[in-house]
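Side-chain atoms are counted along with the backbone in the values below, which use heavy atoms only and exclude waters and symmetry mates. Each chain gets a letter, A, B and so on, in the order its sequence line appears, and its residues count up from 1. Computed from a prediction, not measured in an experiment: that's the story for all the values here.
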There are 2 protein chains.
Amino acid sequence: MPTPGRGSSATPGSAGADALCEAALAGDRRALARLLTAVENRTPLAEAALRRLHPLAGRAQLVGVTGPPGAGKSTLVAALIAELRRAGRPVAVVAVDPSSPITGGAVLGDRVRMQAYASDDGVFIRSMASRGHSGGLASATTAAASVFDAVGFDVVLIETVGTGQSEVEVAAAADTTVVVEAPEMGDEIQAIKAGLLEVADIVVVNKGDRAGAHRTAAQLHAMLADSRGETRPGRPAPKRPEVLVATAATGEGVAELLASIDRHRTTGHGADGESARLHRAEAQVWSVLVDRLHDRVRALEGAEELDGDGWSGAGEWLRSVAAHETDPYSAADAILEQLIGRRVAPGPNE
Amino acid sequence: MPTPGRGSSATPGSAGADALCEAALAGDRRALARLLTAVENRTPLAEAALRRLHPLAGRAQLVGVTGPPGAGKSTLVAALIAELRRAGRPVAVVAVDPSSPITGGAVLGDRVRMQAYASDDGVFIRSMASRGHSGGLASATTAAASVFDAVGFDVVLIETVGTGQSEVEVAAAADTTVVVEAPEMGDEIQAIKAGLLEVADIVVVNKGDRAGAHRTAAQLHAMLADSRGETRPGRPAPKRPEVLVATAATGEGVAELLASIDRHRTTGHGADGESARLHRAEAQVWSVLVDRLHDRVRALEGAEELDGDGWSGAGEWLRSVAAHETDPYSAADAILEQLIGRRVAPGPNE
């Protein structure tokens, strides 16, 4: 068992990771794909690779693209790729796959889009399944974006469906968050829309050729003027987002969207950009801390495996909570006590 | 500062919590509402109340109701309430509000539904905002369901939009998970639908009066027959879910849905039900453990507050990670080292 808490860089898998990183940095796409798979599956190799690559990242612009189902996010992402490639800029996509919370698997649309750029080294599209324990999605997506950043992609688009807490957080943790809306949608979608606007740096009304698109844009503009008076917790007084109209299917308005994203890259890299980077660092470190806690709890009474996915090692406590004999707080405190006691007892140099 | 890890039940707010719990147990709806607010805001009073109420819970049936936006979940929940009330059974609803990842706020529809039962003590509807750090949603929702369970509601319906990882997990953690689908939906919705089926105990095709509803049901039935051959990790070989057709707006098929839910309560309380309860206990304990870790990290160098929501105490490390000088793993390990070291040093009886 590795000893966490030592800050050692000699983690398991570091030899293989170094070779894979060198290859990916030299432009080997298969090595890059293998790195991303390791990151998605949180293997020890992924940790070693991310330690190696982290100092090289920080140059790419991370652009979150989110919105309710049916707003046309994927089509807009495809249109942005085309626009970026016309300018010769390398672009990567991390698409969070909405198809499965458990088994994962790529959405057909991704595969079709992938084929169009199969022979273009300046484009790399990766679907991530949204699975694993809570927070796993954010961690894997941010790590994948970091890999793309380190190996030299200029822009990393992070596409998520904007109806889940984790999914919205992932997109909102980017440097620039683009919220895609469509005209004329149902009640539930309208409610989702209102929530999404709070995280937007740029709002795009897609399907601009439909009746009502420009009216929707005007309404959004008015809503944003009303609601952006106060400061949002954790961020300095935000600028009102630009509201644009585009038709991703024909490409109309997409050049203007890219120009707006580029403007945000320049002007947003003040207090707002700094804040976004700190929030992302916070999320990354927190996710590792939670993983470490997970490992330590799992190591407690290691023989008691609850299941393949879950954590074990405190099986008796869990059964007692499930039977309503012990409350979750007392159980957690007992496990924590045991955990720290255990760590204290056999430690040779404390 | 409270000292976690001691398993003490004399937590802050326990006096006020005891009084509030007694009142809620005696049927005081305002006391119940205040408990739920405390639970949602994770106050110290909430912890004391949940410690007090946990032994009383475990009798209600928790029913998750989830599905893509526009499937008609809210209308179906309203129809189920009407059906349960006709049988004189007390029912509570925890509706996870999709409108805002940040500020929260109730959806209009909830308020309208609430009014219809304003004078009925056998119904309590509560909207929860999906906010806070990752995992906060699951924790608050499970805790609210536990409060309703303890004070004597027979059925607790947990309604979430089925397009986010956290939201699906919340519904899937119930005793019985009902997935609501509607006929004729777009590509992205179809992909979401496929993922949702994996967590379903019962599938309802809503809007059964529309063309294609019965064809959709037949297709779903065929899909489920294909895919439910193998065991799902963490659960014993699951039964294939029943597929029903209902029209929530007219009430057609809703009695049959309730009968199916009741059947699952009886037959599902074998290995499957035990597994659901263990998973819920696991999620509850884990969420407290993560909160405790959060508190401890926040207490480290407490002066350095990153922001109102986030955790602080390791500000220098975060800035170093954001500047790409330190990788997240080394930072997390250093924080953990400091955390445990600190705990070890001043501990009086270790």
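- Between A:Asp327 and B:Leu50, the closest side-chain pair of non-hydrogen atoms is not below 4.5 Å.
- Contact annotation: the side chain of A:Glu282 never approaches that of B:Trp317 to less than 4.5 Å [non-hydrogen atoms, C-beta and beyond].
- In terms of modelled atom types and a separation under 3.5 Å, the side chain of B:His324 and the main chain of A:Arg59 share no donor-acceptor contact.
- Partners of B:Thr66 by side chain to side chain donor-acceptor pair (under 3.5 Å), not counting sequence neighbours, listed by chain and number: B:Thr160.
- Side-chain atoms of A:His54 do not come within 3.5 Å of backbone N or O of B:Glu325 as any donor-acceptor pair.
- Going from atom NE2 of A:His294 over to atom CG of B:Leu293 covers 12.5 Å, rounded to the nearest 0.5 Å.
- Proximity of A:Arg296 to B:Leu336: side-chain heavy atoms (C-beta onward) are separated by under 4.5 Å at one or more points.
- Contacts of A:Asp149 classified as side chain to side chain donor-acceptor pair (under 3.5 Å), with partners at least two apart in sequence or in another chain: none.
- For the pair B:Pro69/A:Pro69, a side-chain contact is recorded, criterion being any heavy-atom separation below 4.5 Å from C-beta on.
- You'll find the side chain of B:Trp286 stays beyond 4.5 Å of the side chain of A:Leu318, heavy atoms only.
- Of the listed residues (A:Ala322, A:Pro328, A:Ser320, A:Ala332), the one with the most heavy-atom contacts under 4.5 Å to chain B is A:Pro328.
- Neither the backbone nor the side chain of B:Ser146 comes within contact range of chain A, judged by heavy atoms closer than 4.5 Å.
- Rounding to the nearest 0.5 Å gives a distance of 8.0 Å between CZ of A:Arg51 and OH of B:Tyr329.
- Proximity to chain B is limited to the backbone of A:Thr326, based on heavy atoms less than 4.5 angstrom apart.
- Distance check, rounded to the nearest 0.5 Å: CG of B:Leu278 to CZ of A:Arg319 gives 6.5 Å.
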